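Bear in mind that the values here come from a model prediction, so they are computed numbers and not experimental data. Numbering of ligands and ligand atoms starts at 1, following listing order.
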Amino acid sequence: MSTRSMSLSPDIYRYLLEHAVREPAVLERLRTITAGMRGAEMQVSPEQGQFMGLLVRLIGARRCIELGTYTGYSSLAMALALPADGRIVTCDVSEEWTAVARQFWREAGVEARVDLRLKPALGTLDELERTDGRGAFDFAFLDADKPNYIAYYEKLLTLVRPGGLIAADNTLFVAGASIVERDSIPARALREFNDHVHHDERVDLAMVPIGEGLTLLRIR
Ligand code: CA
């Protein structure tokens with residue numbers, strides 16, 4: 001896993017960071033703190049956070065779901081892009097990591113927009129279908145445990161409205177990883193996920209080589 005866009009030379013990547021990234025100070029602080037933590041490779045890169053904020057604004061999203069909060073960089077990037085009455089439900093199972101996230105949502109003044117659910121995400125998605133209903137969400141960021149990607153995706157297809165977007169993270173990990181990693185459980189799961197969505201007629205898709213690969217799936 002990686003905290004920067006793959007396949008760019010260091011020079012090109014530096015240019016991108018210096019000339020096209022607008023990272024709010026609060027996100028920069030969160031990124032710096034997370035870089036010293038266990039699991040730091042799970043944090044999304046600044047250009048990817050900015051890209052997802054742009055997507056949220058592009059489709060006029062008001063309601064988002066995130067699977068895999070970690071220390072909150074991506075949820076904060078999305079929350080900052082939402083209107084004041086927007087909402088993001090974010091799912092994780094780690095008290096330790098999400099404590100950092102909470103601190104930064106508060107610091108950024110967006111805690112009222114963020115609804116953290118600390119339990120296995122499949123259960124939360126079932127709850128959301130009961131409480132919020134089908135098609136109640138505009139945008140979903142799928143970045144949790146890879147073996148459940150297909151199960152998450154199938155539930156998100158009912159929760160996200162037609163015209164809404166599911167963004168699935170790390171989908172190019174399978175191709176860029178070392179030979180050992182290519183046979184790992186996450187890599188095999190991502191390969192199955194990529195094959196699952198490749199010709200899925202329920203969505204339009206594009207795999208974007210940002211971060212470690214971000215597959216955009218627009219619900220038809
Ligand atoms: Ca990820």
Side-chain angles (χ1 to χ4, degrees), residues 1-8 13 17 21 23 27 30-56 64-81 88-94 96-98 100-101 104 114 116-118 120-122 124-125 139-153 155-156 160 165-178 181-182 184-194 196-197 205-217:
M1 309 284 160
S2 164
T3 57
R4 48 158 290 184
S5 285
M6 62 198 314
S7 74
L8 294 181
Y13 187 59
L17 289 178
V21 168
E23 187 177 39
L27 278 173
L30 171 54
R31 188 162 54 81
T32 304
I33 283 173
T34 303
M37 292 178 63
R38 187 169 52 84
E41 73 284 357
M42 292 195 288
Q43 176 161 250
V44 307
S45 60
E47 70 279 14
Q48 182 176 340
Q50 183 173 316
F51 180 61
M52 296 202 308
L54 181 70
L55 290 175
V56 164
C64 302
I65 308 176
E66 175 181 64
L67 307 185
T69 312
Y70 187 46
T71 60
Y73 190 95
S74 43
S75 55
L76 182 49
M78 290 187 278
L80 288 168
I88 175 167
V89 176
T90 182
C91 307
D92 208 290
V93 292
S94 169
E96 179 196 349
W97 288 337
T98 56
V100 178
F104 279 86
V114 187
L116 172 65
R117 309 283 180 101
L118 265 181
L122 285 171
T124 298
L125 295 180
F139 184 89
F141 180 47
L142 171 50
D143 193 23
D145 49 308
K146 310 313 174 201
N148 274 320
Y149 258 37
I150 291 175
Y152 294 138
Y153 168 72
K155 288 186 188 293
L156 290 172
V160 177
L165 204 60
I166 299 170
D169 201 28
N170 304 107
T171 49
L172 277 173
F173 173 69
V174 292
S178 69
E181 285 173 320
R182 254 176 260 164
S184 67
I185 289 169
R188 273 184 279 160
L190 286 164
R191 209 148 40 226
E192 281 172 32
F193 174 77
N194 289 340
H196 185 76
V197 300
L205 106 170
M207 190 189 268
V208 183
I210 192 170
E212 204 162 41
L214 184 68
T215 298
L216 303 182
L217 303 136

For D143, the N, O or S atom at the shortest distance from the Ca ion (ligand 1) is OD1
For N/O/S atoms only: which one belongs to D169 and is nearest the Ca ion (ligand 1)?
OD2
Do T98 and T69 have side-chain N/O donor and acceptor atoms under 3.5 Å apart?
no
Below 3.0 Å, can you find an N, O or S atom of N170 next to the Ca ion (ligand 1)?
yes
Take F173 and S184 through the test side-chain contact (heavy atoms from CB on, under 4.5 Å) and record every step on the way to the result.
CA-CA 11 Å; F173 173 69; S184 67; 4.1 Å; yes
Can a side-chain donor-acceptor contact be found between E192 and Y149 if the only test is distance below 3.5 angstrom?
no
I'd like to know if the side chain of E47 pairs up with that of S45 as donor and acceptor (distance under 3.5 Å, no hydrogens or angles considered).
yes
At less than 3.0 Å, would any N/O/S atom of E212, backbone or side chain, sit next to the Ca ion (ligand 1)?
no
